[in-house]
Amino acid sequence: MLQVPFIRENKEDVIKRLAVRNIDATQMIEDVINLDEDRKQLQTQLDNTLAESNAISKEIGNLYKSGNTAEANVLKEKTTQLKEVTKEFTEKLNNTIESLNQLLYKIPNVPHPTVPNGSTEDDNEEIFKEGDIPVLHSEALPHWELAKKYDIIDFELGNKITGAGFPVYKGKGARLQRALIAYFLDKNTAAGYTEYQLPLLVNEASGFGTGQLPDKEGQMYHVTQDNLYLIPTAEVPGTNIFRDVLLNETDLPIGITGYTPCFRREAGSYGAHVRGLNRLHQFDKVEILRVEHPNRSYQALDEMVNHIKIILQELKLPYRILRLCGGDIGFTSALTFDFEVFSTAQNRWLEISSVSNFETFQANRLKLRFKNSEGKNELAHTLNGSSLALPRVLAGILENYQTKDGIEIPEVLIPYTGFNIIN
RNA sequence: GGAGAAAUGGCAGAGUGGUCGAAUGCGGCAGUCUUGAAAACUGUUGAGGGUCACACCUCCGGGGGUUCGAAUCCCUCUUUCUCCGCCA
């Protein structure tokens, strides 16, 4: 959520930059500033009343001590009146704060100046492309056919046990998944990220901290009996490590990585383009996450992008990097780069990573701060990215590495799989 | 699941109705000493709102109550610890 002082001081710029998301925020920004003005006024009125109350209370104490009960009782009457006034102001103030917050929750992050205009994913800007798209033999298959042919993923079985979108990996398929997870985690820890194992269920406060709640709860599975949510991404438990945390400047930067399954309801998305591994209700992902000093967060974003590039180069998969346009960028993000791997048999690009800088948008909600060199508490910047989402990487490997003799295994993974072909 | 104890600043830990935003220690910051560092010593150091700056207000796990006045008393919720039970 945006900070009110920032909105007030950069009113025109905020409106202009939010327009890149194709929203006209003029009225909302105006309302925020007005509500905050009201808030300040009410706060001052309340504070003055309380100050008077406090002063009288002190006096009553002194009067009792000196035995002047009669005068004390007179003053007591007065405080009763003040209590009424206090109650009234408190109520008004709380209502104003509530309205202000409700409004602030609705305003997305301000896009970085480099975010291109645009309304849909077609307007995203391709900024990098690498890797040769292989020419497949004539009997090449999409990954779901390959999965069946080599008996490594069973979609029907998952359907029986749970429902659509919960595939069962078996044999070499299961081993390849485990290999990818281990490989990603090794790459990340080698780059300085600390490995974490995080809870897969989170409470309301955590859902709120990263912005899934209060508005986007439909994305998550809700365990109503205990009021917990299954995580849609490791970003949720990972970022909430830092909720209500005050760091020293020397603690920065912080980098963590973790593997978790992810659970997404994906209500209403069915059809041919969600076939196979393209979109699932449960999938595995390795995430990287950073807490950075504001003046080097964009450098950190570049480092993360480069890190993921190296992984894809090593896997020798054809991929491209997109700079998301204003219409496609996430609610909480200021700048996002998507990585897409080419699904040769489907002849389409599949998103396998999304790397974002949230600047202070998350930190403001989380109250994640550090003590800066002037001794002031300052909001940190948070960033995260997938490194990587497993199913589509797997789809990419199956399709791009298929030969007439079977599916070859990328060289870097062989130490992890213990085999070099699925046949 | 049952019984008991506890929750205080970045951390540890005093404080049981007004003089408490809160002793003390650690940590942080500044200084003295030193060629430099360490050690030692001295000073300083909670957060949020508000103000040009003060004043002032709020905050001692969350919520509610008693009282002129609550970290302190009462109710309630949550969490943690100990013991018992159950259990991968």
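In what follows, every chain begins at residue 1, and chains take the letters A, B, ... in the order their sequences are listed.
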Going by atom types only, do A:Glu399 and A:Ser343 share a side-chain donor-acceptor pair under 3.5 Å? yes

Determine the interatomic distance between C1' on B:rG9 and the same-named atom on B:rU42; round to the nearest Å. 23 Å

Any pair with a residue in residues 184-210 of chain A that passes salt bridge (Lys or Arg N to Asp or Glu O under 4.0 Å), sequence neighbours left out, goes on the list, sorted by first then second residue, please. A:Lys187-A:Glu314

May I ask you to decide if the ring planes of A:Phe128 and A:Tyr319 are parallel, tilted or perpendicular, using 30° and 60° as cut-offs? tilted

Give a yes or no on whether the backbone of A:Leu383 and the side-chain of A:Asn357 come within a donor-acceptor separation of less than 3.5 Å. no

Pairwise P distance for B:rC86 and B:rG1, with rounding to whole Å: 15 Å

Any strand, both distances under 3.5 Å, Watson-Crick or G-U wobble: B:rG9 pairs with none

Can you tell me if the side-chain N/O atoms of A:Asn54 get under 4.0 Å from OP1 or OP2 in B:rC57? yes

Verify the neighbour count for atom NZ of A:Lys148: are there more than 12 heavy atoms of other residues, nucleotides or ligands below 6.0 Å? no

Between A:Thr382 and A:Arg290, does the side chain to side chain donor-acceptor pair (under 3.5 Å) criterion hold? Intermediate values first, please. CA-CA 6 Å; A:Thr382 58; A:Arg290 296 173 64 147; over 6 Å; no

Going by an N to O cut-off under 4.0 Å, is there a salt bridge joining A:Lys11 and A:Glu30? yes

Across all strands, who's sitting opposite B:rG21 as a Watson-Crick or G-U wobble pair, both distances under 3.5 Å? none

What one-letter contact string describes nucleotides 47-53 of chain B from 5' to 3', where B marks a base within less than 4.0 Å of any protein heavy atom, S marks contact via sugar-phosphate atoms alone, and - marks no contact? SSBSS--

Once you apply a heavy-atom cut-off of 4.0 Å, does A:Ile56 come out as touching a base, just sugar-phosphate, or nothing? nothing

C1' gap between B:rG43 and B:rG36, integer Å: 23 Å

Counterpart residues, side chain to side chain donor-acceptor pair (under 3.5 Å), relative to A:Asp328 (two or more places apart): A:Asn124

Can you check the A:Lys367 NZ to B:rG9 P distance for me, whole Å? 16 Å

Return the residues of residues 83-105 of chain A meeting this criterion: a heavy atom under 4.0 Å from some atom of RNA chain B. Order them by number, or give none. A:Lys83

Parallel, tilted or perpendicular: which fits the ring planes of A:His307 and A:Tyr193, with parallel below 30° and perpendicular above 60°? tilted

Look at A:Glu303 together with A:Arg296 and state whether they make a salt bridge at an N to O cut-off of under 4.0 Å. yes

Gap between atoms NZ and P, on A:Lys78 and B:rC68 respectively (whole Å): 17 Å

A:Glu52 CD to B:rG69 C1', straight-line distance once rounded to whole Å: 15 Å

Quick one: salt bridge (Lys or Arg N to Asp or Glu O under 4.0 Å) partners of A:Asp13, sequence neighbours excluded? A:Arg17

Atom CG of A:Asn73 and atom C1' of B:rU67: how far apart are they, to the nearest Å? 13 Å

Output one letter per nucleotide in nucleotides 73-79 of chain B: B when a protein non-hydrogen atom lies under 4.0 Å from the base, S when only the sugar-phosphate is that close, - when neither is. -------

N/O donor-acceptor pair under 3.5 Å between A:Asn240 side chain and A:Ser206 backbone: yes

Hunt down the Watson-Crick or G-U wobble partner of B:rG1, both distances under 3.5 Å, from any strand shown, or write none. B:rC84

Could you please name the partner base of B:rA40, counting Watson-Crick and G-U wobble pairs only when both distances are under 3.5 Å? B:rU32

Base-pairing mate for B:rC60 - Watson-Crick or G-U, with both contacts under 3.5 Å: none

Here the distance between atom P of B:rG27 and atom CG of A:Asp251, to the nearest Å, is 16 Å

Distance check needed: B:rC11 P versus A:Leu247 CG, whole Å only. 12 Å

Pair assignment for B:rG27, Watson-Crick or G-U wobble, requiring both distances under 3.5 Å: B:rU45

Would you mind reading off the distance between A:Glu249 atom CD and B:rG10 atom P, rounded to a whole angstrom? 18 Å

Does A:Glu88 CD have over 12 foreign heavy atoms under 6.0 Å away? no

